[in-house]
Amino acid sequence: MIDLKYLQKNFDEASAKLVKKGVDSETLERLKELFATLKEANATLEESKAEQNKMSKLFGEYMREKKDVTELKAKVDAKKEEIVGLQETAREAQQALELVALAMPNFPDDSVPEGVDEEDNVELKKVLEPRSFEFEPKEHWALAELNGWIEFDRGVKLAKSRFAVLRGEAARMERALINFFLDVNREKGFEEVCVPFINNATMLQGTGQLPKFEDDLFKIDGEDLYLIPTAEVPLTNLYNDEILTTKELPILLTGYTPCFRKEAGSAGRDTRGMIRQHQFDKVEMVAITTPEQSEEIFKMMVENASDILTRLELPHRVVELCGGDLGFSAATTIDLEVWLPGQNKYREISSISNTRDFQARRAKIRYKDGKKNVLVNTLNGSALAVGRTLVAIMENYQNEDGSIEIPEVLKKYM
RNA sequence: GGACAGUUGGGUGAGUUGGCUGAAACCACAUCCCUGCUAAGGAUGCGUACUCGUAAGGGUACCGAGAGUUCGAAUCUCUCACUGUCCGCCA
(Lines give C-alpha, C1' and ligand atoms only; values in the text may rest on other atoms or scores of the structure.)
Protein backbone atom coordinates (compact mmCIF):
# COMPACT_ATOMS: atom_id res chain seq x y z
CA MET A 1 0.00 0.00 0.00
CA ILE A 2 1.20 3.47 -0.76
CA ASP A 3 1.70 6.06 1.94
CA LEU A 4 -1.60 7.95 1.96
CA LYS A 5 -0.29 10.75 4.12
CA TYR A 6 2.41 11.38 1.58
CA LEU A 7 -0.20 11.36 -1.17
CA GLN A 8 -2.25 13.89 0.73
CA LYS A 9 0.62 16.24 1.53
CA ASN A 10 2.45 16.06 -1.77
CA PHE A 11 -0.36 15.32 -4.13
CA ASP A 12 1.18 16.69 -7.33
CA GLU A 13 4.47 14.93 -6.82
CA ALA A 14 2.79 11.66 -5.87
CA SER A 15 0.37 11.66 -8.74
CA ALA A 16 3.17 12.39 -11.20
CA LYS A 17 4.84 9.22 -10.02
CA LEU A 18 1.76 7.07 -10.34
CA VAL A 19 0.91 8.43 -13.75
CA LYS A 20 4.26 6.99 -14.81
CA LYS A 21 2.86 3.65 -13.78
CA GLY A 22 -0.30 4.09 -15.76
CA VAL A 23 -2.72 5.29 -13.05
CA ASP A 24 -5.12 8.04 -14.11
CA SER A 25 -5.16 11.18 -12.01
CA GLU A 26 -8.91 11.09 -11.38
CA THR A 27 -8.55 7.92 -9.34
CA LEU A 28 -5.84 9.61 -7.35
CA GLU A 29 -7.95 12.65 -6.72
CA ARG A 30 -10.70 10.35 -5.50
CA LEU A 31 -8.30 8.49 -3.23
CA LYS A 32 -7.16 11.72 -1.70
CA GLU A 33 -10.74 12.78 -1.02
CA LEU A 34 -11.67 9.43 0.47
CA PHE A 35 -8.72 9.67 2.81
CA ALA A 36 -9.73 13.15 3.93
CA THR A 37 -13.34 12.03 4.41
CA LEU A 38 -12.27 9.13 6.56
CA LYS A 39 -10.09 11.31 8.73
CA GLU A 40 -12.91 13.69 9.37
CA ALA A 41 -15.44 10.93 10.04
CA ASN A 42 -13.07 9.35 12.54
CA ALA A 43 -12.39 12.64 14.26
CA THR A 44 -16.08 13.33 14.96
CA LEU A 45 -16.68 9.73 15.96
CA GLU A 46 -13.84 9.74 18.44
CA GLU A 47 -14.97 12.97 19.94
CA SER A 48 -18.41 11.55 20.63
CA LYS A 49 -16.95 8.40 22.04
CA ALA A 50 -14.77 10.39 24.38
CA GLU A 51 -17.87 12.11 25.71
CA GLN A 52 -19.66 8.81 26.12
CA ASN A 53 -16.74 7.28 27.95
CA LYS A 54 -16.65 10.22 30.30
CA MET A 55 -20.34 9.87 31.10
CA SER A 56 -20.04 6.17 31.68
CA LYS A 57 -17.27 6.76 34.17
CA LEU A 58 -19.47 9.27 35.93
CA PHE A 59 -22.21 6.66 35.96
CA GLY A 60 -20.01 4.38 38.00
CA GLU A 61 -19.36 7.12 40.51
CA TYR A 62 -23.06 7.91 40.82
CA MET A 63 -23.81 4.28 41.51
CA ARG A 64 -21.23 4.10 44.24
CA GLU A 65 -22.51 7.29 45.82
CA LYS A 66 -26.06 6.02 45.32
CA LYS A 67 -27.08 9.13 43.40
CA ASP A 68 -29.95 9.20 40.96
CA VAL A 69 -28.84 8.17 37.46
CA THR A 70 -32.01 8.50 35.39
CA GLU A 71 -31.04 11.88 33.96
CA LEU A 72 -27.51 10.76 33.15
CA LYS A 73 -28.78 7.59 31.54
CA ALA A 74 -31.03 9.59 29.27
CA LYS A 75 -28.10 11.72 28.19
CA VAL A 76 -25.79 8.83 27.56
CA ASP A 77 -28.50 6.96 25.68
CA ALA A 78 -28.91 9.89 23.35
CA LYS A 79 -25.16 10.03 22.81
CA LYS A 80 -25.15 6.35 22.06
CA GLU A 81 -27.66 6.77 19.31
CA GLU A 82 -25.57 9.52 17.78
CA ILE A 83 -22.52 7.28 17.89
CA VAL A 84 -24.22 4.46 16.03
CA GLY A 85 -24.80 6.81 13.12
CA LEU A 86 -21.28 8.19 13.17
CA GLN A 87 -19.89 4.70 13.33
CA GLU A 88 -21.74 3.72 10.21
CA THR A 89 -20.43 6.78 8.38
CA ALA A 90 -16.88 6.04 9.44
CA ARG A 91 -17.14 2.41 8.44
CA GLU A 92 -18.42 3.28 5.02
CA ALA A 93 -15.62 5.77 4.55
CA GLN A 94 -13.11 3.14 5.62
CA GLN A 95 -14.43 0.58 3.17
CA ALA A 96 -14.58 3.05 0.31
CA LEU A 97 -10.99 4.04 0.96
CA GLU A 98 -9.69 0.50 1.18
CA LEU A 99 -11.33 -0.45 -2.05
CA VAL A 100 -9.31 2.15 -3.89
CA ALA A 101 -6.17 2.18 -1.74
CA LEU A 102 -5.50 -1.55 -1.89
CA ALA A 103 -5.81 -1.49 -5.66
CA MET A 104 -3.29 1.34 -6.01
CA PRO A 105 0.11 0.22 -7.29
CA ASN A 106 3.41 1.21 -5.74
CA PHE A 107 5.23 4.41 -6.60
CA PRO A 108 8.05 3.76 -9.03
CA ASP A 109 11.50 5.03 -8.07
CA ASP A 110 12.51 8.29 -9.71
CA SER A 111 15.25 6.46 -11.55
CA VAL A 112 12.78 4.16 -13.34
CA PRO A 113 12.75 4.87 -17.08
CA GLU A 114 9.60 6.26 -18.67
CA GLY A 115 7.67 3.91 -20.92
CA VAL A 116 4.43 2.07 -21.47
CA ASP A 117 5.38 -1.57 -22.06
CA GLU A 118 8.30 -3.96 -22.46
CA GLU A 119 9.33 -2.23 -25.68
CA ASP A 120 10.53 0.65 -23.53
CA ASN A 121 12.60 -1.42 -21.13
CA VAL A 122 16.27 -0.52 -21.00
CA GLU A 123 18.98 -3.07 -21.61
CA LEU A 124 21.79 -2.50 -19.13
CA LYS A 125 24.23 -5.13 -20.31
CA LYS A 126 24.73 -8.45 -22.00
CA VAL A 127 26.56 -11.31 -20.34
CA LEU A 128 28.21 -14.05 -22.44
CA GLU A 129 28.09 -14.30 -26.22
CA PRO A 130 25.37 -16.55 -27.63
CA ARG A 131 26.94 -19.61 -29.16
CA SER A 132 26.86 -19.88 -32.96
CA PHE A 133 25.30 -23.04 -34.33
CA GLU A 134 26.36 -24.86 -37.48
CA PHE A 135 22.83 -26.12 -37.76
CA GLU A 136 19.36 -24.72 -37.25
CA PRO A 137 18.84 -24.84 -33.44
CA LYS A 138 15.57 -26.45 -32.46
CA GLU A 139 13.02 -25.11 -30.04
CA HIS A 140 12.76 -26.85 -26.69
CA TRP A 141 9.49 -28.66 -27.41
CA ALA A 142 11.02 -30.32 -30.43
CA LEU A 143 14.02 -31.35 -28.33
CA ALA A 144 11.69 -32.51 -25.58
CA GLU A 145 9.97 -34.82 -27.99
CA LEU A 146 13.21 -36.16 -29.46
CA ASN A 147 14.60 -36.96 -26.01
CA GLY A 148 11.36 -38.01 -24.34
CA TRP A 149 11.92 -35.34 -21.72
CA ILE A 150 8.58 -33.60 -21.51
CA GLU A 151 5.08 -34.98 -21.97
CA PHE A 152 2.69 -32.16 -22.60
CA ASP A 153 -0.32 -34.33 -23.49
CA ARG A 154 -0.13 -36.42 -20.35
CA GLY A 155 0.20 -33.27 -18.25
CA VAL A 156 -3.01 -32.06 -19.83
CA LYS A 157 -4.65 -35.41 -19.15
CA LEU A 158 -3.71 -35.34 -15.48
CA ALA A 159 -4.82 -31.77 -14.91
CA LYS A 160 -5.61 -29.46 -17.80
CA SER A 161 -3.87 -27.39 -20.44
CA ARG A 162 -0.62 -25.70 -19.41
CA PHE A 163 0.44 -28.60 -17.22
CA ALA A 164 3.31 -30.85 -18.24
CA VAL A 165 5.17 -33.94 -17.10
CA LEU A 166 8.96 -34.20 -16.97
CA ARG A 167 10.49 -37.64 -17.43
CA GLY A 168 13.82 -39.29 -16.81
CA GLU A 169 16.79 -37.01 -17.38
CA ALA A 170 14.59 -33.92 -17.50
CA ALA A 171 13.02 -34.70 -14.15
CA ARG A 172 16.48 -35.29 -12.71
CA MET A 173 17.78 -32.06 -14.17
CA GLU A 174 14.85 -30.18 -12.68
CA ARG A 175 15.83 -31.51 -9.27
CA ALA A 176 19.52 -30.86 -9.91
CA LEU A 177 18.78 -27.25 -10.80
CA ILE A 178 16.79 -26.71 -7.62
CA ASN A 179 19.66 -28.04 -5.54
CA PHE A 180 22.23 -26.06 -7.47
CA PHE A 181 20.29 -22.82 -7.08
CA LEU A 182 19.72 -23.33 -3.37
CA ASP A 183 23.39 -24.12 -2.82
CA VAL A 184 24.57 -21.00 -4.61
CA ASN A 185 22.08 -18.82 -2.74
CA ARG A 186 23.17 -20.32 0.52
CA GLU A 187 26.81 -19.54 -0.34
CA LYS A 188 25.80 -15.92 -0.83
CA GLY A 189 24.32 -15.72 2.65
CA PHE A 190 20.68 -16.57 2.09
CA GLU A 191 19.08 -18.82 4.68
CA GLU A 192 17.29 -21.78 3.17
CA VAL A 193 13.65 -21.99 4.19
CA CYS A 194 10.95 -24.55 3.46
CA VAL A 195 7.47 -23.04 3.57
CA PRO A 196 3.80 -23.96 3.07
CA PHE A 197 2.73 -23.90 -0.58
CA ILE A 198 -0.73 -22.80 0.46
CA ASN A 199 -1.23 -19.43 2.16
CA ASN A 200 -4.25 -17.60 3.52
CA ALA A 201 -5.82 -14.43 2.12
CA THR A 202 -4.17 -12.09 4.63
CA MET A 203 -0.73 -13.15 3.44
CA LEU A 204 -1.69 -12.75 -0.22
CA GLN A 205 -2.90 -9.28 0.59
CA GLY A 206 0.34 -8.56 2.42
CA THR A 207 2.46 -9.03 -0.67
CA GLY A 208 -0.08 -7.42 -3.01
CA GLN A 209 -1.66 -10.31 -4.91
CA LEU A 210 -5.01 -9.68 -3.24
CA PRO A 211 -7.50 -8.15 -3.57
CA LYS A 212 -6.73 -6.97 -7.09
CA PHE A 213 -5.35 -10.11 -8.69
CA GLU A 214 -7.59 -12.82 -7.30
CA ASP A 215 -8.28 -14.06 -10.83
CA ASP A 216 -4.64 -15.06 -11.23
CA LEU A 217 -4.71 -17.35 -8.22
CA PHE A 218 -5.87 -20.90 -7.60
CA LYS A 219 -8.17 -20.78 -4.60
CA ILE A 220 -8.94 -23.76 -2.40
CA ASP A 221 -12.67 -24.33 -2.56
CA GLY A 222 -14.50 -23.46 0.63
CA GLU A 223 -11.38 -22.28 2.42
CA ASP A 224 -9.66 -18.95 2.94
CA LEU A 225 -6.59 -20.43 1.22
CA TYR A 226 -4.73 -20.06 -2.05
CA LEU A 227 -1.96 -21.96 -3.82
CA ILE A 228 1.02 -19.62 -3.78
CA PRO A 229 1.93 -17.97 -7.09
CA THR A 230 5.51 -17.47 -5.90
CA ALA A 231 7.60 -18.15 -2.80
CA GLU A 232 7.79 -14.40 -2.39
CA VAL A 233 4.41 -14.66 -0.62
CA PRO A 234 5.32 -17.09 2.20
CA LEU A 235 8.92 -15.90 2.52
CA THR A 236 8.05 -12.22 2.86
CA ASN A 237 5.04 -12.89 5.07
CA LEU A 238 7.12 -14.96 7.44
CA TYR A 239 7.42 -11.64 9.26
CA ASN A 240 3.84 -10.44 8.70
CA ASP A 241 2.68 -8.25 11.59
CA GLU A 242 6.01 -8.47 13.38
CA ILE A 243 8.36 -5.88 14.76
CA LEU A 244 11.98 -6.80 14.14
CA THR A 245 15.12 -5.41 15.70
CA THR A 246 17.84 -3.56 13.81
CA LYS A 247 20.25 -6.31 14.73
CA GLU A 248 18.27 -8.89 12.77
CA LEU A 249 18.43 -6.93 9.53
CA PRO A 250 19.02 -7.60 6.76
CA ILE A 251 17.22 -10.93 6.64
CA LEU A 252 18.12 -12.91 3.53
CA LEU A 253 15.96 -15.90 2.67
CA THR A 254 15.84 -18.40 -0.13
CA GLY A 255 13.41 -21.20 -0.75
CA TYR A 256 12.25 -23.59 -3.38
CA THR A 257 8.54 -23.87 -4.06
CA PRO A 258 6.29 -24.83 -6.91
CA CYS A 259 4.32 -21.80 -8.10
CA PHE A 260 0.71 -21.88 -9.24
CA ARG A 261 -0.72 -19.29 -11.57
CA LYS A 262 -3.93 -19.20 -13.53
CA GLU A 263 -2.28 -17.04 -16.17
CA ALA A 264 -5.55 -15.21 -16.60
CA GLY A 265 -5.28 -12.75 -19.43
CA SER A 266 -2.45 -14.53 -21.19
CA ALA A 267 -4.65 -16.72 -23.36
CA GLY A 268 -2.85 -17.51 -26.57
CA ARG A 269 0.57 -16.44 -25.27
CA ASP A 270 3.29 -19.09 -25.13
CA THR A 271 0.74 -21.87 -25.42
CA ARG A 272 3.36 -24.13 -26.93
CA GLY A 273 6.07 -25.56 -24.73
CA MET A 274 7.01 -25.01 -21.10
CA ILE A 275 7.50 -21.25 -20.97
CA ARG A 276 4.14 -20.44 -19.41
CA GLN A 277 2.65 -23.14 -17.19
CA HIS A 278 0.03 -23.17 -14.44
CA GLN A 279 2.54 -24.92 -12.21
CA PHE A 280 6.28 -24.34 -12.26
CA ASP A 281 9.23 -24.65 -9.92
CA LYS A 282 11.14 -21.64 -8.74
CA VAL A 283 13.86 -20.85 -6.26
CA GLU A 284 13.26 -17.43 -4.80
CA MET A 285 15.33 -14.90 -2.91
CA VAL A 286 13.66 -12.57 -0.42
CA ALA A 287 15.29 -9.82 1.58
CA ILE A 288 13.91 -7.85 4.52
CA THR A 289 16.05 -4.77 5.05
CA THR A 290 16.20 -1.28 6.44
CA PRO A 291 15.57 1.45 3.83
CA GLU A 292 19.29 2.24 3.89
CA GLN A 293 20.32 -1.33 3.14
CA SER A 294 17.88 -2.13 0.37
CA GLU A 295 19.77 -0.52 -2.51
CA GLU A 296 22.91 -2.51 -1.95
CA ILE A 297 21.07 -5.77 -1.32
CA PHE A 298 19.09 -5.23 -4.50
CA LYS A 299 22.30 -5.03 -6.51
CA MET A 300 23.64 -8.10 -4.78
CA MET A 301 20.50 -10.05 -5.66
CA VAL A 302 20.72 -9.07 -9.32
CA GLU A 303 24.36 -10.06 -9.41
CA ASN A 304 23.65 -13.36 -7.74
CA ALA A 305 20.99 -14.34 -10.26
CA SER A 306 23.25 -13.28 -13.10
CA ASP A 307 26.10 -15.25 -11.57
CA ILE A 308 24.01 -18.42 -11.52
CA LEU A 309 23.31 -18.04 -15.23
CA THR A 310 26.98 -17.40 -15.87
CA ARG A 311 27.96 -20.52 -13.97
CA LEU A 312 25.55 -22.44 -16.17
CA GLU A 313 27.22 -20.70 -19.12
CA LEU A 314 23.90 -19.36 -20.30
CA PRO A 315 24.07 -16.09 -22.25
CA HIS A 316 21.72 -13.51 -20.86
CA ARG A 317 21.05 -9.82 -20.59
CA VAL A 318 20.15 -7.48 -17.79
CA VAL A 319 17.14 -5.27 -18.39
CA GLU A 320 15.66 -2.46 -16.36
CA LEU A 321 11.88 -2.30 -16.54
CA CYS A 322 10.19 0.93 -17.51
CA GLY A 323 7.36 2.43 -15.48
CA GLY A 324 4.60 0.91 -17.56
CA ASP A 325 6.01 -2.61 -17.39
CA LEU A 326 6.63 -2.52 -13.66
CA GLY A 327 4.62 -4.93 -11.54
CA PHE A 328 1.99 -3.80 -9.06
CA SER A 329 4.16 -3.92 -5.92
CA ALA A 330 7.51 -2.98 -7.40
CA ALA A 331 9.25 0.38 -7.07
CA THR A 332 11.99 -0.84 -9.34
CA THR A 333 12.65 -4.10 -11.17
CA ILE A 334 15.48 -5.65 -13.06
CA ASP A 335 14.78 -8.62 -15.28
CA LEU A 336 17.30 -11.18 -16.40
CA GLU A 337 16.56 -12.54 -19.82
CA VAL A 338 18.21 -15.71 -21.01
CA TRP A 339 19.10 -16.35 -24.64
CA LEU A 340 16.97 -19.01 -26.33
CA PRO A 341 18.62 -19.95 -29.64
CA GLY A 342 15.63 -22.03 -30.74
CA GLN A 343 13.32 -19.05 -30.37
CA ASN A 344 16.13 -16.70 -31.38
CA LYS A 345 15.33 -14.27 -28.61
CA TYR A 346 15.94 -13.37 -25.00
CA ARG A 347 13.25 -14.53 -22.56
CA GLU A 348 12.67 -13.55 -18.93
CA ILE A 349 14.14 -16.04 -16.49
CA SER A 350 14.44 -13.91 -13.38
CA SER A 351 12.76 -10.79 -12.08
CA ILE A 352 14.21 -8.94 -9.13
CA SER A 353 12.24 -6.18 -7.45
CA ASN A 354 12.57 -3.74 -4.65
CA THR A 355 9.10 -2.96 -3.29
CA ARG A 356 10.51 -0.44 -0.78
CA ASP A 357 7.90 -0.19 2.03
CA PHE A 358 4.88 -1.03 -0.15
CA GLN A 359 4.53 -4.63 0.99
CA ALA A 360 5.82 -3.81 4.46
CA ARG A 361 2.95 -1.36 4.96
CA ARG A 362 0.39 -3.95 3.86
CA ALA A 363 2.00 -6.79 5.76
CA LYS A 364 2.83 -4.62 8.79
CA ILE A 365 6.49 -5.60 8.88
CA ARG A 366 8.45 -3.09 10.93
CA TYR A 367 11.65 -2.80 12.88
CA LYS A 368 12.52 -0.80 15.95
CA ASP A 369 14.86 2.04 15.18
CA GLY A 370 15.56 3.47 18.60
CA LYS A 371 12.09 4.21 19.91
CA LYS A 372 10.33 4.44 16.59
CA ASN A 373 8.85 1.62 14.57
CA VAL A 374 9.89 1.92 10.95
CA LEU A 375 8.57 -0.02 7.98
CA VAL A 376 11.14 -2.36 6.49
CA ASN A 377 11.97 -2.63 2.80
CA THR A 378 11.16 -5.91 1.14
CA LEU A 379 12.86 -7.28 -1.96
CA ASN A 380 12.30 -10.39 -3.96
CA GLY A 381 13.78 -12.06 -6.99
CA SER A 382 13.98 -15.38 -8.72
CA ALA A 383 17.24 -17.27 -8.58
CA LEU A 384 16.01 -18.79 -10.71
CA ALA A 385 12.87 -19.99 -12.47
CA VAL A 386 13.61 -23.69 -12.79
CA GLY A 387 11.46 -24.71 -15.75
CA ARG A 388 12.69 -21.85 -17.88
CA THR A 389 16.28 -22.69 -16.98
CA LEU A 390 15.65 -26.22 -18.14
CA VAL A 391 14.30 -24.84 -21.40
CA ALA A 392 17.36 -22.60 -21.75
CA ILE A 393 19.71 -25.51 -21.15
CA MET A 394 17.90 -27.63 -23.70
CA GLU A 395 18.13 -25.00 -26.37
CA ASN A 396 21.67 -23.80 -25.62
CA TYR A 397 23.22 -27.20 -25.02
CA GLN A 398 21.65 -29.02 -27.95
CA ASN A 399 23.62 -31.01 -30.52
CA GLU A 400 22.74 -31.42 -34.15
CA ASP A 401 21.17 -34.84 -33.53
CA GLY A 402 18.92 -33.33 -30.86
CA SER A 403 20.79 -34.74 -27.88
CA ILE A 404 21.49 -32.39 -24.99
CA GLU A 405 24.76 -31.93 -23.06
CA ILE A 406 24.70 -31.58 -19.31
CA PRO A 407 26.16 -28.25 -18.08
CA GLU A 408 29.43 -28.75 -16.24
CA VAL A 409 28.22 -27.33 -12.91
CA LEU A 410 25.21 -29.65 -12.87
CA LYS A 411 27.16 -32.86 -13.36
CA LYS A 412 27.80 -33.39 -9.70
CA TYR A 413 24.08 -32.95 -9.03
CA MET A 414 23.05 -35.66 -11.47
C1' G B 1 -13.47 -35.58 12.28
C1' G B 2 -15.31 -36.29 17.98
C1' A B 3 -14.71 -34.78 23.41
C1' C B 4 -12.68 -31.54 26.97
C1' A B 5 -9.37 -27.32 28.20
C1' G B 6 -7.22 -22.87 26.84
C1' U B 7 -6.14 -18.07 23.74
C1' U B 8 -3.84 -11.33 27.90
C1' G B 9 1.82 -6.60 26.08
C1' G B 10 8.85 -8.89 23.14
C1' G B 11 8.65 -13.47 26.75
C1' U B 12 6.60 -15.80 31.35
C1' G B 13 2.17 -14.70 33.67
C1' A B 14 -1.82 -12.02 37.33
C1' G B 15 -6.60 -10.32 36.46
C1' U B 16 -13.47 -14.25 35.56
C1' U B 17 -19.02 -11.43 42.03
C1' G B 18 -18.62 -6.28 34.79
C1' G B 19 -16.48 0.26 36.29
C1' C B 20 -10.74 2.23 40.43
C1' U B 21 -6.65 -2.54 34.71
C1' G B 22 -4.37 -0.79 28.59
C1' A B 23 -3.63 -4.09 31.91
C1' A B 24 0.10 -6.31 38.40
C1' A B 25 4.59 -9.02 38.92
C1' C B 26 8.86 -11.12 36.89
C1' C B 27 12.19 -11.55 32.66
C1' A B 28 14.09 -9.27 28.36
C1' C B 29 15.35 -4.51 26.31
C1' A B 30 17.06 0.98 26.54
C1' U B 31 19.32 5.10 29.16
C1' C B 32 21.72 6.70 33.54
C1' C B 33 24.27 5.80 38.38
C1' C B 34 27.49 2.71 41.17
C1' U B 35 31.33 -0.70 40.80
C1' G B 36 37.03 -2.10 38.61
C1' C B 37 36.55 -6.76 36.36
C1' U B 38 33.96 -9.99 32.44
C1' A B 39 29.30 -10.59 37.19
C1' A B 40 26.25 -8.05 40.68
C1' G B 41 23.40 -3.78 42.61
C1' G B 42 20.34 0.86 42.09
C1' A B 43 17.14 4.66 39.25
C1' U B 44 14.09 5.65 35.21
C1' G B 45 11.78 4.27 30.77
C1' C B 46 9.61 0.51 27.84
C1' G B 47 2.67 -2.52 23.78
C1' U B 48 0.41 -1.40 18.81
C1' A B 49 -2.33 1.60 15.44
C1' C B 50 -4.80 5.96 14.25
C1' U B 51 -5.55 10.99 15.67
C1' C B 52 -5.12 16.39 17.94
C1' G B 53 -0.86 19.46 19.38
C1' U B 54 5.45 23.24 17.75
C1' A B 55 6.03 20.58 22.29
C1' A B 56 4.64 19.03 26.98
C1' G B 57 0.56 16.32 26.77
C1' G B 58 -4.41 14.75 25.15
C1' G B 59 -8.17 11.53 22.51
C1' U B 60 -9.94 6.79 20.16
C1' A B 61 -9.41 1.62 19.30
C1' C B 62 -7.17 -3.07 20.45
C1' C B 63 -6.54 -8.43 26.19
C1' G B 64 -7.32 -14.71 19.32
C1' A B 65 -11.35 -12.71 15.33
C1' G B 66 -16.36 -11.13 14.62
C1' A B 67 -21.19 -10.14 16.62
C1' G B 68 -24.34 -9.37 21.01
C1' U B 69 -26.04 -7.93 26.26
C1' U B 70 -25.00 -3.26 29.20
C1' C B 71 -24.75 3.55 30.80
C1' G B 72 -20.03 0.70 30.97
C1' A B 73 -16.74 -5.85 29.18
C1' A B 74 -10.18 -8.60 29.09
C1' U B 75 -14.15 -10.07 32.54
C1' C B 76 -21.24 -12.20 30.62
C1' U B 77 -23.64 -14.60 25.76
C1' C B 78 -23.14 -16.47 20.65
C1' U B 79 -20.33 -17.75 16.12
C1' C B 80 -15.63 -18.72 14.04
C1' A B 81 -10.26 -19.50 14.15
C1' C B 82 -6.10 -21.30 16.53
C1' U B 83 -3.32 -24.05 20.47
C1' G B 84 -3.14 -28.19 24.01
C1' U B 85 -4.80 -33.10 25.73
C1' C B 86 -7.47 -37.73 24.83
C1' C B 87 -9.86 -40.60 20.80
C1' G B 88 -10.22 -41.54 15.46
C1' C B 89 -7.46 -41.25 10.80
C1' C B 90 -2.92 -40.87 8.22
C1' A B 91 2.55 -39.75 5.10
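Here is how names work: the chains are called A, B, and so on, in the same order as the sequence lines, proteins then strands, and each is numbered from 1.
- In this entry B:A91 has no Watson-Crick or G-U wobble partner, no candidate having both defining distances under 3.5 Å.
- Residue A:E223 contributes atom CD, which lies 13 Å from atom C1' of B:C80 at whole-angstrom precision.
- Between A:K54 and A:E51 no salt bridge is recorded (no basic side-chain N to carboxylate O distance below 4.0 Å).
- Under the Watson-Crick and G-U wobble criteria, each requiring two contacts below 3.5 Å, nucleotide B:U54 is left unpaired.
- A distance of about 36 Å separates the P atoms of B:C4 and B:A23, rounded to the whole Å.
- As the counterpart of B:U16, no nucleotide is assigned, since no Watson-Crick or G-U wobble pattern has both distances under 3.5 Å.
- B:U17 and B:C76 are spaced 12 Å apart, taking the C1' atom of each and rounding to whole Å.
- Taking a cutoff of 4.0 Å between a charged side-chain nitrogen and a carboxylate oxygen, A:R186 and A:D183 qualify as a salt bridge.
- To the nearest whole angstrom, the two P atoms, one in B:A55 and one in B:A30, are 28 Å apart.
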Going 5' to 3' along nucleotides 51-77 of chain B, which nucleotides have protein heavy atoms under 4.0 Å from the base (write B), which only from the sugar-phosphate (write S), and which from neither (write -)? SS------BSS---------BS-----

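- The residues A:R347 and A:D270 are annotated as salt-bridged, a charged nitrogen and a carboxylate oxygen being separated by less than 4.0 angstrom.
- Spacing between B:U75 and B:G19 at atom C1', rounded to whole Å, works out to 11 Å.
- Rounded to whole angstrom, the span from the CG atom of A:N373 across to the P atom of B:G10 amounts to 10 Å.
- Taking the C1' atoms as reference points, B:A73 lies 14 Å from B:A67, given to the whole Å.
- Taking the P atom of each, B:U8 and B:U51 are spaced 29 Å apart, rounded to whole Å.
- Here B:G36 sits opposite no nucleotide as a Watson-Crick or G-U wobble pair (both hydrogen-bonding atom distances under 3.5 Å).
- For the C1' atoms, the distance linking B:A24 with B:U12 amounts to 13 Å, nearest Å.
- Within 4.0 Å (heavy atoms only), A:K368 reaches sugar-phosphate atoms of the nucleic acid but no base atom.
- A:K411 NZ: more than 12 foreign heavy atoms inside a 6.0 Å radius.
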Quick one: side chains of residues 215-223 of chain A, donor-acceptor pairs under 3.5 Å with protein atoms, not counting sequence neighbours, listed by atom name and distance.
from: A:K219; atom 1: NZ; to: A:E223; atom 2: O; distance (Å): 2.5

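- Ring centers of A:F197 and A:F260: at least 6.0 Å apart, outside the cut-off.
- The nearest whole Å value for the distance from the OH atom in A:Y367 to the P atom in B:U48 is 15 Å.
- The gap from the P atom of B:A3 to that of B:A91 amounts to 25 Å, rounded to the nearest Å.
- Taken to the nearest 0.5 Å, the OG1 atom of A:T89 stands 10.5 Å off from the CG atom of A:N42.
- To the nearest angstrom, P of B:C50 lies 13 Å from CG of A:L97.
- Nucleotide B:G10 holds its C1' atom 13 Å from the CG atom of A:D241, rounded to whole Å.
- Comment: A:E33 does not engage A:R30 in a salt bridge, judged by the lack of any side-chain N to carboxylate O separation of less than 4.0 angstrom.
- B:G22: no Watson-Crick or G-U partner with both key distances under 3.5 Å is found in any strand.
- Atom CD in A:E242 sits about 17 Å away from atom C1' in B:A49, given to the nearest Å.
- Rounded to whole Å, the distance from CD1 on A:I243 to P on B:A30 is 16 Å.
- Partner assigned to B:A67 is B:U77, using Watson-Crick or G-U wobble distances below 3.5 angstrom.
- Within 6.0 Å of CD on A:E98 lie more than 12 heavy atoms contributed by other residues, nucleotides or ligands.
- Both distances falling under 3.5 Å, in either a Watson-Crick or a G-U wobble arrangement, place B:U83 opposite B:A5.
- Proximity of A:R366 to the phosphate of B:A49: a side-chain N or O atom is located under 4.0 Å from OP1 or OP2.
- Protein atom CD of A:E248 is 11 Å distant from nucleotide atom C1' of B:G10, rounded to whole Å.
- Base pairing of B:U44: its partner is B:A30, meeting the Watson-Crick or G-U wobble criterion (both donor-acceptor distances under 3.5 Å).
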